[in-house]
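Working notes, structure below.
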Amino acid sequence: MSLQSAPSAAAAAVSASPIHAPTVRYANAADDAFIEELQAIAFGPGRFARTAFRIRERFPIDKSLSLVAEVDGTPCGSVWMTPISIGGINGWMLGPLATHPNFRKLGAGKLLAREVTKRALARADGQFVMLVGDRDYYCPLGWEPTTLGAIQFPGPVDPTRVLVYADDKSLATTLSGSIAAFQR
């Protein structure tokens, strides 16, 4: 069944249901087609030209930190994490984070962002989660703006959209350098 048709039927059922809170689980191989189609819907063909995609080409995603959100058993969102290092400090780049349009405004995206960040930092082998995103969406969740231009990307990025989540709140302003491979 195609993602194009499945969520619309599921969304109709969800809207008729009084309880439709999203839940999160680890992604598995059976989710690959769903995630690919979801990213195509959410970001279109231009997603391959984005600087974040260049980073994921150089440093593969961490499949053990790939999550899927569901509403009443129907997949509705996903998030990936890419292990990186900036200035010799290990962390992760969050994204892409996507929620199917039929399931927006239910909190799945925020739940995915919070949960994947919590799981990554609990490993204690990285100190931050960095992303390029909207301040209005991510800052209320604990992300903080970085020093403009301090983090060098392998392509163009709006420096006002580079955000960091870290237990050490000073890291958002002190993190600097080029994005490199996670230091093992």
Side-chain angles (χ1 to χ4, degrees), residues 22 24 35 38-39 41-44 46-62 64-69 76-101 103-184:
V24 172
I35 293 169
L38 176 63
Q39 290 179 11
I41 290 167
F43 304 110
R47 69 190 182 280
F48 299 114
R50 291 180 171 203
T51 297
F53 190 83
R54 301 276 83 77
I55 294 168
R56 285 188 290 278
E57 280 183 329
R58 291 174 59 204
F59 314 114
I61 64 161
D62 181 343
S64 71
L65 286 172
S66 294
L67 303 180
V68 169
C76 65
S78 71
V79 66
W80 285 347
M81 292 283 259
T82 303
I84 60 171
S85 178
I86 300 172
I89 300 172
N90 283 343
W92 293 268
M93 182 180 76
L94 185 149
L97 170 66
T99 303
H100 191 280
F103 291 92
R104 293 209 175 121
K105 304 294 183 195
L106 297 178
K110 290 177 181 174
L111 178 62
L112 283 166
R114 284 183 182 121
E115 190 62 28
V116 78
T117 298
K118 179 178 85 175
R119 292 178 189 197
L121 294 177
R123 292 180 173 186
D125 58 350
Q127 296 182 38
F128 65 90
V129 174
M130 184 269 303
L131 59 82
V132 179
D134 296 328
R135 287 182 182 201
D136 291 346
Y137 187 85
Y138 289 102
C139 288
L141 302 177
W143 273 264
E144 300 179 58
T146 60
T147 301
L148 296 180
I151 299 172
Q152 286 84 52
F153 287 78
V157 168
D158 178 349
T160 65
R161 295 172 46 87
V162 179
L163 308 173
V164 165
Y165 186 104
D167 293 331
D168 175 357
K169 297 305 177 192
S170 70
L171 203 53
T173 58
T174 60
L175 195 62
S176 68
S178 296
I179 296 174
F182 199 86
Q183 307 294 313
R184 301 279 177 200

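Heavy-atom basis, side chains included; hydrogens, waters and symmetry copies ignored.
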CE of Met81 to CG of Leu65, rounded to nearest 0.5 Å, is 5.5 Å
Practice task
Answer whether the closest heavy-atom distance between the side chains of Pro154 and Arg58 falls below 4.5 Å.
Solution key: yes
Sorted by chain and number, sequence neighbours left out, side chain to side chain donor-acceptor pair (under 3.5 Å) with Asp134 holds for Arg161
Using distance only, find each side-chain donor-acceptor pair of residues 172-182 under 3.5 Å and give its atom names and separation, not counting sequence neighbours.
unit_1	atom_1	unit_2	atom_2	d
Thr173	OG1	Ser170	O	3.0
Thr174	OG1	Ser170	O	3.1

Show the atom names and distances, to 0.1 Å, of all donor-acceptor pairs under 3.5 Å that link a side chain in residues 105-115 to residues at least two apart or in another chain.
unit_1	atom_1	unit_2	atom_2	d
Glu115	OE1	Lys118	NZ	3.4
Glu115	OE2	Arg119	NE	2.7
Glu115	OE2	Arg119	NH2	3.2

For Pro140 and Arg135 the tightest heavy-atom approach is CD-O, 3.5 Å
Worksheet item: Do Pro145 and Pro159 have side-chain heavy atoms sitting under 4.5 Å apart?
Response: no
Rounding to 0.5 Å, atoms CG (Asp167) and CD (Gln127) come to a distance of 9.5 Å
Notebook entry, point to check: Does any N or O in the side chain of Thr146 come within less than 3.5 Å of the main-chain N or O of Val162, such that one atom is a donor and the other an acceptor?
Noted result: yes
| Would you find a donor on one side and an acceptor on the other, under 3.5 Å apart, between the side chain of Arg104 and the backbone of Thr99? | yes
Next on the checklist: For a side chain to side chain contact (heavy atoms under 4.5 Å, CB included) check, start with the C-alpha distance between Val68 and Ile35, then their side-chain angles and the critical distance, and finish with the verdict.
Outcome noted: CA-CA 8 Å; Val68 169; Ile35 293 169; 4.2 Å; yes
One should read off an interatomic distance between Gln183 CD and Ser85 OG, to the nearest 0.5 angstrom, of 4.5 Å
Dump the intermediate steps for side chain to side chain contact (heavy atoms under 4.5 Å, CB included) on Ile151 and Val157, then the final yes or no. CA-CA 10 Å; Ile151 299 172; Val157 168; over 6 Å; no
Given Ile61 and Arg56, is the side chain to side chain contact (heavy atoms under 4.5 Å, CB included) satisfied, shown in steps?
CA-CA 6 Å; Ile61 64 161; Arg56 285 188 290 278; 3.7 Å; yes
Ile41 side chain near His100 side chain, heavy-atom distance below 4.5 Å: yes
Derivation and outcome, side chain to side chain contact (heavy atoms under 4.5 Å, CB included), residues Phe128 and Ile89: CA-CA 8 Å; Phe128 65 90; Ile89 300 172; 4.0 Å; yes
Sequence neighbours excluded, the answer for salt bridge (charged side-chain N to carboxylate O under 4.0 Å, His left out) partners of Arg123 is Asp62
Original post:
Any side-chain heavy-atom pair from Phe59 and Pro83 closer than 4.5 angstrom?
Top reply: no
Practice task
Report yes or no: does Thr51 contribute a side-chain atom to a donor-acceptor pair with the main-chain N or O of Pro156 at less than 3.5 Å?
Solution key: yes
So OG1 of Thr117 and CE of Met130: to nearest 0.5 Å the spacing works out to 12.0 Å
Taking every heavy atom of Trp92 against every heavy atom of Ala120, the minimum-distance pair comes out as CH2-O, 3.1 Å
Those residues at least two apart in sequence (or on a different chain) that pass ring-ring contact (aromatic ring centres under 6.0 Å, His included) with Tyr138 are Trp143
Closest heavy-atom pair, Phe153 versus Ile55, reported as atoms and distance to 0.1 Å, is CD2-CD1, 3.7 Å
Closest heavy-atom pair, Gly126 versus Leu121, reported as atoms and distance to 0.1 Å, is O-CD2, 3.8 Å
Review point. Are side-chain heavy atoms of Leu94 and Val79 found at a separation under 4.5 Å?
Key: yes
Contacts of Thr160 meeting side chain to side chain donor-acceptor pair (under 3.5 Å) (sequence neighbours excluded), chain-then-number -> Asp158
